[in-house]
4 protein chains.
Amino acid sequence: MYAIRNKVQLIGNLGQLPEIRTTETGKKVARFSIATNDTYRSANGERITQTSWHNVIAWGKLAEISEKYLTKGREVAVSGKLVHRNYTDKNGVKRYVTEVVLNELLMLGGGKGQNENPDWQEEEQVEPEAEG
Amino acid sequence: MYAIRNKVQLIGNLGQLPEIRTTETGKKVARFSIATNDTYRSANGERITQTSWHNVIAWGKLAEISEKYLTKGREVAVSGKLVHRNYTDKNGVKRYVTEVVLNELLMLGGGKGQNENPDWQEEEQVEPEAEG
Amino acid sequence: MYAIRNKVQLIGNLGQLPEIRTTETGKKVARFSIATNDTYRSANGERITQTSWHNVIAWGKLAEISEKYLTKGREVAVSGKLVHRNYTDKNGVKRYVTEVVLNELLMLGGGKGQNENPDWQEEEQVEPEAEG
Amino acid sequence: MYAIRNKVQLIGNLGQLPEIRTTETGKKVARFSIATNDTYRSANGERITQTSWHNVIAWGKLAEISEKYLTKGREVAVSGKLVHRNYTDKNGVKRYVTEVVLNELLMLGGGKGQNENPDWQEEEQVEPEAEG
DNA sequence: TTTT
DNA sequence: TTTT
């Protein structure tokens, strides 16, 4: 997918530690949820906060980073694409799931691990060349 | 919601004409779905296209614009926020729905209506002032 | 401008306190710069960090929020539009300036002011209505 | 750069054909500009359109795609990062340049080339694996 | 220099 | 259910 066609960005906090699995071929998969908070005033002036929980899935290197650095409550910025799946559960009921498949993960708020080993922050990028 | 915390952007095509309703207070609501296409090569070199269908809801003025200008197949760029709702259907089954609540709508590919009355393209914006 | 046509998003830190001015009509204007850091490995394996400084301008309510809450070093997420201006300076030299005109500002990393008075976090939004 | 920290997105039209160069190491570089149009009403009700011209640079494969498919007037969606450079011109005057370095390019409005050879639309992506 |  |  050209990411520009289908892009989600969330800035919020992790609800729990990521759940880590491994595919049969040895690829890591991380799942976690992110809360985004919406604060507004109701018609009668009361302040209301609504929290949305978003399911996020990370594959491969991003799953490994998630496993190493993400903790409950951690503030993150993520971007990815929006995917919808359906499956039939063990009771034969058809289920619909919407997930954000990560392609970027940024830890916010300083400290707490990612700075001890900043390797994952580096892009797969070489030094820019001069034009000929 | 600070839109920067929860933002979805899609560029794709409408599957059908929008469905239009009106709230009890007279506010318009438009619902439609947008297809985003994902083309990649499988492990054995075959070209595969996967289509994702995203449910979109527009309120108020954006619903009116949707009603006037959106047609089946139309290419659009939209941005909005990702919301998750659940409800119990007429058979008592709990249903989960994920929708993109629009806050921006841009028609792509030229012509076909929106240019006949470009009013809706104008921002609620006044002439910039000089600094004192 | 339909924001979807011209959108910049930055996550980084303030270089200095915002500079605040007021227009002749009493509207506040805030200017500040945000550093975004780019870390990569050079061809010979050395880790290199490049910092980009982006000029940001905020008008009206966003300028007031910037004045109240933004401090040197503060981590923020902003979005806005990219504008290019030119002017002739006091020495008669033509100058080109590129700025990000804010339309969203989010303070990251917790604490330090914005939570003491969260009013500015609220959207101009009323309670959602049910569909008729 | 983690793209999530510094991201620009533009939807607009090319002013001219891209200019193509090649680095000493044989890498292609494409430069072009994109117009984004801003329509609003002035204080006295007059409709005003302001055009912003953004300098865009594409490297490597994106430069090759730009060379092959982009034409004057073409409607595109791009995303990239915002960079600021300065250099001294042949008259010894220091110049500042702001550019958008592309990492995504999507041609809008159908037809006109990119469909004759859709290879470039495919992601470097393999078939998703099932979880173990 | 574009486009609607 | 779309589009290329």
Side-chain angles (χ1 to χ4, degrees), chain A residues 1-2 4-6 84 86, chain B residues 10-19 30-40 47-56 65-66 69-78 100 105-123, chain C residues 1-2 4-6 84, chain D residues 10-19 30-40 47-56 65-66 68-78 100 105-123:
Chain A
M1 169 66 69
Y2 254 59
I4 200 172
R5 297 194 203 223
N6 175 349
H84 313 92
N86 61 69
Chain B
L10 304 171
I11 298 179
N13 301 275
L14 263 79
Q16 298 282 277
L17 265 178
E19 281 178 35
R31 288 180 185 281
F32 52 96
S33 53
I34 294 178
T36 58
N37 292 118
D38 192 350
T39 305
Y40 61 92
R47 181 175 299 154
I48 293 176
T49 296
Q50 278 180 328
T51 298
S52 290
W53 287 99
H54 306 94
N55 295 318
V56 172
I65 291 163
S66 299
Y69 297 114
L70 293 186
T71 51
K72 182 174 175 173
R74 179 84 215 218
E75 187 181 25
V76 292
V78 301
V100 176
L105 168 62
L106 184 63
M107 292 172 213
L108 303 174
K112 294 184 195 164
Q114 86 274 32
N115 307 315
E116 296 157 22
N117 180 358
D119 274 351
W120 67 268
Q121 291 200 40
E122 292 166 23
E123 217 183 3
Chain C
M1 170 67 67
Y2 254 59
I4 200 171
R5 296 194 204 221
N6 175 348
H84 312 93
Chain D
L10 304 170
I11 298 178
N13 301 274
L14 262 80
Q16 297 282 279
L17 265 177
E19 281 179 34
R31 288 180 185 283
F32 52 95
S33 53
I34 294 178
T36 57
N37 293 117
D38 192 350
T39 305
Y40 61 92
R47 180 175 300 153
I48 293 176
T49 296
Q50 277 180 328
T51 298
S52 291
W53 288 99
H54 305 95
N55 295 318
V56 171
I65 292 162
S66 299
K68 269 197 207 160
Y69 298 115
L70 294 186
T71 51
K72 182 174 174 172
R74 179 84 215 219
E75 187 182 26
V76 292
V78 301
V100 177
L105 167 62
L106 185 64
M107 292 172 212
L108 303 174
K112 293 186 196 162
Q114 86 274 31
N115 307 314
E116 296 157 23
N117 179 357
D119 274 351
W120 67 269
Q121 291 201 41
E122 293 167 21
E123 216 183 4

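Protein chains get the first letters and strands the later ones, always in sequence-line order, with residue 1 at the start of each.
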Fill in the blank from the handout: Distance col, row D/Thr39:OG1 vs D/Ile48:CD1, nearest 0.5 angstrom, shows 10.0 Å

Practice task
Using a 4.5 Å cut-off on heavy atoms from C-beta on, say whether the side chain of B/Thr71 contacts that of B/Met107.
Solution key: no

Exercise for the section: Would you mind reading off the distance between D/Asp38 atom CG and E/dT3 atom C1', rounded to a whole angstrom? Expected result: 14 Å

Practice task
Kindly say whether B/Gly109 contributes a backbone atom to a donor-acceptor pair with the side chain of D/Glu75 at under 3.5 angstrom?
Solution key: yes

Practice task
Using whole Å, report how far CG of B/Leu14 lies from C1' of F/dT3.
Solution key: 11 Å

Fill in the blank from the handout: Closest non-hydrogen contact found for D/Ile11 with B/Ile11 is CD1-CD1, 4.5 Å

Exercise for the section: Indicate, with a heavy-atom threshold strictly under 4.0 Å, whether D/Thr51 touches base, sugar-phosphate, or nothing. Expected result: base

Exercise for the section: May I ask you to say what B/Gly73 touches in the nucleic acid, namely base, sugar-phosphate or nothing, with a heavy-atom cut-off under 4.0 Å? Expected result: sugar-phosphate

Handout entry: Rounded distance in Å - CD (B/Glu75) to P (F/dT2)
Key = 15 Å

Exercise for the section: Could you state the atom-to-atom distance from CD1 of B/Ile34 to P of F/dT3 in whole Å? Expected result: 14 Å

Practice task
Could you check which of F/dT2, E/dT2, F/dT1 has an atom nearest any side-chain atom of B/Asn13?
Solution key: F/dT2

Handout entry: Atom-to-atom span, CG of D/Leu17 to P of E/dT2 - whole angstrom
Key = 12 Å

Handout entry: Nearest listed nucleotide, side chain of D/Ala35, among E/dT2, F/dT1, E/dT1
Key = E/dT2

Problem - Ring-base stacking, D/Trp53 with E/dT1 (5.5 Å, 30° cut-offs) - result: yes

Problem - Rounded interatomic separation in angstrom, taking NE2 from D/His54 and P from E/dT1 - result: 18 Å

Practice task
Let me know the distance between CG of D/Asn55 and P of E/dT1, rounded to the nearest Å.
Solution key: 14 Å

Exercise for the section: Can you tell me the distance, in whole Å, between the CG atom of D/Leu108 and the P atom of F/dT2? Expected result: 20 Å

Practice task
Would you check if B/Asp38 and A/Arg5 make a side-chain contact, meaning some heavy-atom pair closer than 4.5 Å?
Solution key: no

Handout entry: Proximity to the side chain of B/Asn37 - top-ranked nucleotide from E/dT2, E/dT1, F/dT3
Key = F/dT3

